[in-house]
Every structure is written in C-alpha cells, then in structure tokens.
> 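Sharing a structure here in structure tokens format.
Every heavy atom of this structure was used, including side-chain atoms; hydrogens, water molecules and symmetry mates were not. No experiment lies behind these values; they were computed from the predicted model shown. Each ligand, and each atom within it, is numbered from 1 in the order the structure gives.
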Amino acid sequence: MVDKLKILEQKKAEALIGGGQNRIDAQHKKAKLTARERIHFLLDEGTFEEIGMLVLHRSNDFGLDKEKYLGDGVVTGYGNINGRLTYVYSQDFTVFGGSLSETHAEKICKIMDLALKNGAPIIGLNDSGGARIQEGVVSLGGYADIFFRNVRSSGVIPQLSAIMGPCAGGAVYSPAITDFILMVENTSYMFVTGPNVVKTVTHEEVTSEELGGAITHATKSGVTHFACANELEAINYLKKILSFLPQNCEDEPPFLQYSIGNESRPDLNSIIPSNANQPYDIREVIEKVIDNDTFFEVHKLFAENIVVGFARLAGRSIGIVANQPSVLAGVLDIHSSTKAARFVRFCDSFNIPLLVFEDVPGFLPGTDQEWNAIITNGAKLLYAFSEATVPRITVITRKAYGGAYDVMNSKHIGADMNYAWPSAEIAVMGAKGAAEIIFKNDIASSKDKVSKLKEKESEYQTMFANPYRAAERGFIDEVIKPEDTRIKLIKAFKMLENKVDVLPKKKHGNIPL
Ligand code: HXC
C-alpha cells in the first residue's frame, strides 16, 4: 500500500504543477495568478474539493501524444464561499494556453451538470487561448456542450464569469450567456476575432486592449458588467455578487437580521434642486435610503444615464434600477433600456425584489436612436418589468414623463406600490412642449407670442407638473415626504414578502430581442 500511496502522491504533485514552473513564472510575470491560486483566494479556506484532477487529453495528432498534463488545463470542483456551496472551474493557462480540448470541456460540463442538479451557483475563471487547435472539431463540440448547459442553467442557478486572460473566438459565448461578466484591466480581453483578423478584413488597426479590453467592454459595448483593477478585486466582486443572491431560483436571497430604529432620513428633503432642469446624483438618494454602504453597482461605466445594482434594505437583498438625472438628464435610450431590462430579468429570475427610483424626461429622440431600434430596445424594459413577479416598488422623485412613465415600473405594468415625492411631475410631456402643441393657435394669434407661451406653459405646469393628478387616479399609492422614504419602503417590502404572482402558462415569452 505504501508504494501505491506514493504513486498517488506523485500524480497529485504532478497535477498541481500544471504546465510546469517556467510557465507558472511566466504567468506571474504578466501579473496573473495561476488557476489554483485563483481558486485558493475565491473559496473559503480548506473547502475546495477537486474533481477530475487526473484527466488526460485523448489526442494523438501533431505530437500531442507526447505532451500530456494531468488535469488537461482546467481545475474543476466545488467548495464554499462564505459558507455556501459553489461550483468552480478555473482554466490553467500554463497547459496549452488554457485551450479547450474535448476532455477539458468534459470536465467543465461535469461540474455544470452537478451545479444544476444540486442547485448551486457556478463560477468560471476564464484564461484560455480558445479551442485546442490540434484537436479540431471535438474542441468545437466541447464549446457547444458548454453553451448548451449555460442556456439550460440560465435562470435556474446563478452563473458568473471572470475573464482573467484571453477569451477569444467562440469562447466568448459561454461568458456572454452567463449572468455577470467581470474582466480584469490590462490582462484580459474578449473578442470574436482578434486584431489581426480585424486588420485583414476591415483594415482597422487596433490593439487587443482597445478592441476587447476590460475598459472597452465596460464602457462601449457593455459586454462586461465590471472592469476590475486586478484579479483579487475581481475575486472579491464575485463573492460580493453571490452575497446578494439565493443559491437557485427556488431559494430566497440571504437575509440579514435587522431591527427597526429611527429610519427618518431628513437629508432627502433637500436633494431635489429647486430648478427642475438642474441635475442631481441619484446615487445620493439611493445611498440615503438603503442600509449603510450596501450599494453594489453593476454596469457602472455603461449607459450611465441609468443606475442599477444590488443593495440591502433592512437586511433584505434588493435590486435597484434608477434613472440618473446627472447623465443625459436621465433619459431612456437604447443602452440604458437594455442594461436595465437585463438587470430586472436577472433579479426576477432569482427572487430579488425590485426598487425603482424614477426621474426621467422621456425617451431620447433622434435618427440614431430610431434607426438603431429604440422601439425594440425600449420595449425590452417594458417587457422585463411587466413579466417580473417579484415585489416591485417605484418612487418617483421628480420627472415621470411620457412613455417613460409607463415603462419605469408603473402601476399599470404590475408594480405593487408606487410612491411619489411632492416634487414629482407626472405628465405626457414637459410643460413647454405641451403648451407649444395644445395652445398652438392661441400662441400664433397672440400679439406677444413669448408671453403667451409662458402663460400657457405655466398653466400646464400648475395643472400637471405635480403628483396629485396621478394620486387622484390611484396611479400613485401615496405622496410621501422624502425623509419618510426609507421607512415606507421597509414596511412595503415587508408587506410584500409573501407575494405570489404567476405568469400565464406558456412555453416562454417572446421578448423583443
Ligand atoms: C493549443 C495553444 C492555443 C490553442 C495557445 N496555445 N493557444 N495551444 N491551442 N488555441 C499554447 C501555445 O502554443 C503556447 O504553448 C502556450 O499555449 C502559450 O501561448 P503563447 O502564444 O506563448 O502565449 P501568449 O503570447 O500569451 O499568447 C496567448 C494567445 C495566443 C494570444 C492566446 O497563444 C494565441 O493567439 N493563441 C491562439 C488563439 C486562437 O486563435 N484560438 C482559436 C480561436 S478559435 P507553449 O508550449 O509554447 O507553452 C476558437 C473557436 C471556438 O476558439 C469556437 C467555439 C464556438
């Protein structure tokens, strides 16, 4: 037995070193951790159980029969994050550049299957040169096997992807299907075709970083939800995201005990500027309403005219969607609509109640928006709110104009409670535009057109630029003092905690993609 144990120890030691010390050193030189170091920092100490450590690839072409590494370029298994079961795979760049072989894919699929059957989140730590080129189509098949499982798991268990190195070609599509992507600045990139192919096809000269680096995808494409300064930050963000989530779609998000005290927030009374066209930062409102320092913003650098993220309210995990008046006056456009729609659908999938802060002058006009389908994209947000069955509450802080009033979680599309501050303006459009249209003839026939317009504008303003017309109709449940917002929300979410709302039986809806 002693000999046999020795063989086992030798094999394990061999697996632990991956592609060898030289390649590990090269990895460190690039400011990257190894696959195993990443798992070490991600999981609770001593909880990692590895699966498939001794797997070898089966390929004999191009001399591969002479080059085999135990584990075949991916470390897979399970462990705990803050005491909760999580499955993980971590690609090992020191073995064939973390490239995906048939067996590498099988290992990932094995833990994806376990995660789905056992109802626990899965995290992928991606660092790979893509399909194992020597293996050809079996590698492509392996990718498709993963994509298929990503889709089957979508909405059932949380799936998170951290990109910690190259992620190119079709490899990008597994992360794209998962719930959240995190990229590390300067050491990771994602693209369907790299700079060389781009140059050949479109004659554009672009670096990997410009084409598909973390900042590019965080600001321009919105592909990544987080751009992290380094790998440890990415790992901490992964843990933070999970802290707000349930284990699966039938579970409830973790709840922290909270005893109600003095919940009045008088500072909220003075946040809205006296001039309705003056901006303010909606994050100030969010921070003052939620539990201290619990706001975790998602997609922070993308479509900044809407703010989304997780927070806690009296210990309860909630998702926040808020128009941002300090960017483009908080207008809804293509990117902000799709950003918010995806977040709303995520929260709804995983039983996270939604809180909406509304201050929106409407949808952004223009050919760019129309030709790029603001109709279809704006409809996504409307659709996402309308199908959400989690508790949903809206607070209108200022403007709620036009179609945007309907879209931003109005009562009409199923919100449970809608509050308005006395500063709310709920109308079809702004007073000036409205006066110009409905009093067009009056103004045209007047000697002093400017004064007439002003007079009519003020008439419309007095009549509609307030929350009371909507409150009279019951479209607003209560007009509240800003300082009472926190306590009102705490009570309302508590009141809604056993909400049951079921969609009509269907195979699945047909969201306007
Ligand atoms: C096999 C690979 C590999 C791959 C890298 N290696 N990519 N082996 N298949 N796809 C190996 C290298 O031979 C090298 O081996 C080691 O990994 C490290 O690679 P380097 O090139 O030395 O590292 P670096 O300079 O950091 O460059 C990394 C890289 C580059 C940018 C990822 O290796 C690269 O461009 N690789 C090819 C990328 C690619 O075209 N992949 C296929 C995409 S198509 P040694 O022995 O020297 O350490 C695709 C289709 C999927 O993925 C479709 C799914 C639907």
> Distance to 0.1 Å, residue and atom name: give those for the protein heavy atom nearest to atom 44 (S) of ligand 1.
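Scanning the protein heavy atoms, the shortest distance from atom 44 (S) of ligand 1 goes to G169 CA, 4.4 Å.
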
> When the ring planes of Y69 and F96 are compared, do they come out parallel, tilted or perpendicular, using 30° and 60° as the limits?
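Rings of Y69 and F96: perpendicular, as their planes differ by over 60°.
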
> Heavy-atom contacts with F147 under 4.0 Å: which atoms of ligand 1 show up? List them by number with element.
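So the answer, numbered in order with elements, is 55 (C).
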
> Between C228 and Y237, is a side chain to side chain contact (heavy atoms under 4.5 Å, CB included) present by the stated rule, with each step listed?
CA-CA 8 Å; C228 306; Y237 281 13; 3.7 Å; yes

> Hey, is atom 26 (O) of ligand 1 touched by any protein heavy atom at less than 4.0 Å?
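Yes, because at least one protein heavy atom sits under 4.0 Å from atom 26 (O) of ligand 1.
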
> Would you say Y173 touches ligand 1, if touching means a heavy atom closer than 4.0 Å?
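It does not, in that no heavy atom of Y173 comes within the 4.0 Å cut-off of ligand 1.
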
> Considering only heavy atoms, does A131 approach ligand 1 within less than 4.0 Å through its side chain, its backbone, both, or neither?
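For A131, backbone and side-chain atoms both sit under 4.0 Å from ligand 1.
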
> Cationic tip of K339 within the cone over F302's six-membered ring, i.e. under 6.0 Å and within 45° of the normal?
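Pair K339/F302 does not count as cation-pi.
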
> Distance below 4.0 Å between atom 47 (O) of ligand 1 and any protein heavy atom?
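Protein heavy atom within 4.0 Å of atom 47 (O) of ligand 1: absent.
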
> Please indicate whether D25 has more than 12 foreign heavy atoms, meaning atoms of other residues, nucleotides or ligands, lying under 6.0 Å from its CG.
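Atom CG in D25 is packed in, count exceeds 12.
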
> Would you say that I108 contacts H104 through its side chain, given a criterion of any heavy-atom pair below 4.5 Å between the two side chains?
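When only atoms from C-beta onward are counted, H104 and I108 do touch, with a gap below 4.5 Å.
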
> Answer with yes or no after comparing the ring centroid distance for F180 and F346 against a 6.0 Å cut-off, counting only values under it.
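That pair passes the under 6.0 Å test.
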
> At what distance is the nearest protein heavy atom to atom 45 (P) of ligand 1, and which residue and atom is it?
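So the nearest neighbour among protein heavy atoms is R23 NH2, 3.7 Å.
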
> Taking atom types as modelled, is there a side-chain donor on N150 or S174 under 3.5 Å from an acceptor on the other?
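The answer is yes; a qualifying pair exists.
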
> For atom 32 (C) of ligand 1, which protein heavy atom lies nearest, and how many Å away is it?
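Checking every protein heavy atom, the shortest distance to atom 32 (C) of ligand 1 gives G129 CA, 3.6 Å.
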
> Is atom 30 (C) of ligand 1 touching the protein, meaning some protein heavy atom lies under 4.0 Å away?
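It does not: no protein heavy atom is found less than 4.0 Å away from atom 30 (C) of ligand 1.
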
> Under 4.0 Å from any heavy atom of L140, which atoms of ligand 1 are there?
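So the atoms of ligand 1 that pass are 50 (C), 51 (C), 53 (C).
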
> Side chain to side chain donor-acceptor pair (under 3.5 Å) for N196 and K199? Distances and angles first, verdict last.
CA-CA 5 Å; N196 292 342; K199 192 174 172 196; over 6 Å; no

> Hey, are R132 and D72 close enough for a salt bridge, meaning a charged N less than 4.0 Å from a carboxylate O?
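Judged by the 4.0 Å cut-off on N to carboxylate O distance, R132 and D72 do form a salt bridge.
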
> Are more than 12 heavy atoms, taken from residues, nucleotides or ligands other than I511, located less than 6.0 Å from that residue's CD1 atom?
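Buried by this count: over 12 neighbours within 6.0 Å.
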
> Salt bridge or not for E387 and K506, using N-O below 4.0 Å?
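No salt bridge links E387 with K506.
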
> For the pair K68 and E14, find out whether any cationic side-chain nitrogen is under 4.0 Å from an anionic carboxylate oxygen.
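Judged by the 4.0 Å cut-off on N to carboxylate O distance, K68 and E14 do not form a salt bridge.
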
> Considering only the protein, which heavy-atom contact is closest to atom 6 (N) of ligand 1, and what is its distance?
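In this structure, atom 6 (N) of ligand 1 has F96 O, 3.6 Å as its nearest protein heavy atom.
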
> Quick check for you: to the nearest 0.5 Å, what is the distance between L116 atom CG and Q159 atom CD?
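If I round to the nearest 0.5 Å, the distance is 8.5 Å.
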
> Specify the protein heavy atom at minimum distance from atom 1 (C) of ligand 1: its residue, its atom name, and the distance to 0.1 Å.
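Going by distance alone, atom 1 (C) of ligand 1 is nearest to Q134 OE1, 3.2 Å.
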
> With a cut-off of 4.0 Å, which atoms of ligand 1 are near a heavy atom of R132?
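Here the atoms of ligand 1 in question are 9 (N).
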
> Considering only heavy atoms of Y143, which atoms of ligand 1 have at least one such atom less than 4.0 Å away?
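Near Y143, meaning under 4.0 Å from one of its heavy atoms, ligand 1 has 51 (C), 54 (C).
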
> Under 4.0 Å from atom 21 (O) of ligand 1, can you find at least one protein heavy atom?
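Under the 4.0 Å cut-off, atom 21 (O) of ligand 1 has no protein heavy-atom neighbours at all.
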
> If you take all heavy atoms of H28 and L33, which pair is closest and at what distance?
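That would be CD2-CA, 4.5 Å.
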
> Taking CD in E45 as the centre, count heavy atoms belonging to other residues, nucleotides or ligands within less than 6.0 Å. Is the count above 12?
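No, the 6.0 Å shell around CD holds no more than 12 heavy atoms from other groups.
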
> Quick one: nearest non-hydrogen protein atom to atom 24 (P) of ligand 1, plus distance?
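Heavy-atom neighbour on the protein nearest atom 24 (P) of ligand 1: F93 CZ, 4.3 Å.
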
> Check whether any protein heavy atom sits under 4.0 Å from atom 40 (O) of ligand 1.
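No, no protein heavy atom sits under 4.0 Å from atom 40 (O) of ligand 1.
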
> Does atom 14 (C) of ligand 1 have a protein non-hydrogen atom under 4.0 Å from it?
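No, because not a single protein heavy atom sits under 4.0 Å from atom 14 (C) of ligand 1.
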
> Once you restrict to heavy atoms under 4.0 Å, what part of L100 touches ligand 1? Side chain, backbone, both or neither.
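No part of L100 comes within reach of ligand 1.
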
> Below 4.0 Å from any atom of ligand 1, is there a heavy atom belonging to K30?
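Flag set, K30 near ligand 1.
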
> What protein heavy atom lies closest to atom 17 (O) of ligand 1? Include the residue and the distance to one decimal.
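Closest protein heavy atom to atom 17 (O) of ligand 1: G97 N, 2.9 Å.
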
> Mind checking whether Y189 contacts ligand 1 via backbone (N, CA, C, O), side chain (CB onward), both or neither, at a 4.0 Å heavy-atom cut-off?
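Only the side chain of Y189 comes within reach of ligand 1.
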
> Under 4.0 Å and counting heavy atoms only, is there anything from the protein next to atom 34 (C) of ligand 1?
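For atom 34 (C) of ligand 1 the answer is no, since every protein heavy atom stays at 4.0 Å or beyond.
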
> Looking at atom 8 (N) of ligand 1, is any protein heavy atom nearer than 4.0 Å to it?
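Within 4.0 Å: yes, protein heavy atom nearby.
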
> Looking only at distance, does I133 have an N or O less than 3.5 Å from an N or O of ligand 1?
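N/O-N/O distance under 3.5 Å: yes.
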
> Number the atoms of ligand 1 from 1 as they appear, then name those within less than 4.0 Å of a heavy atom of G130, with their elements.
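Ligand 1 atoms under the 4.0 Å threshold to G130: 52 (O).
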
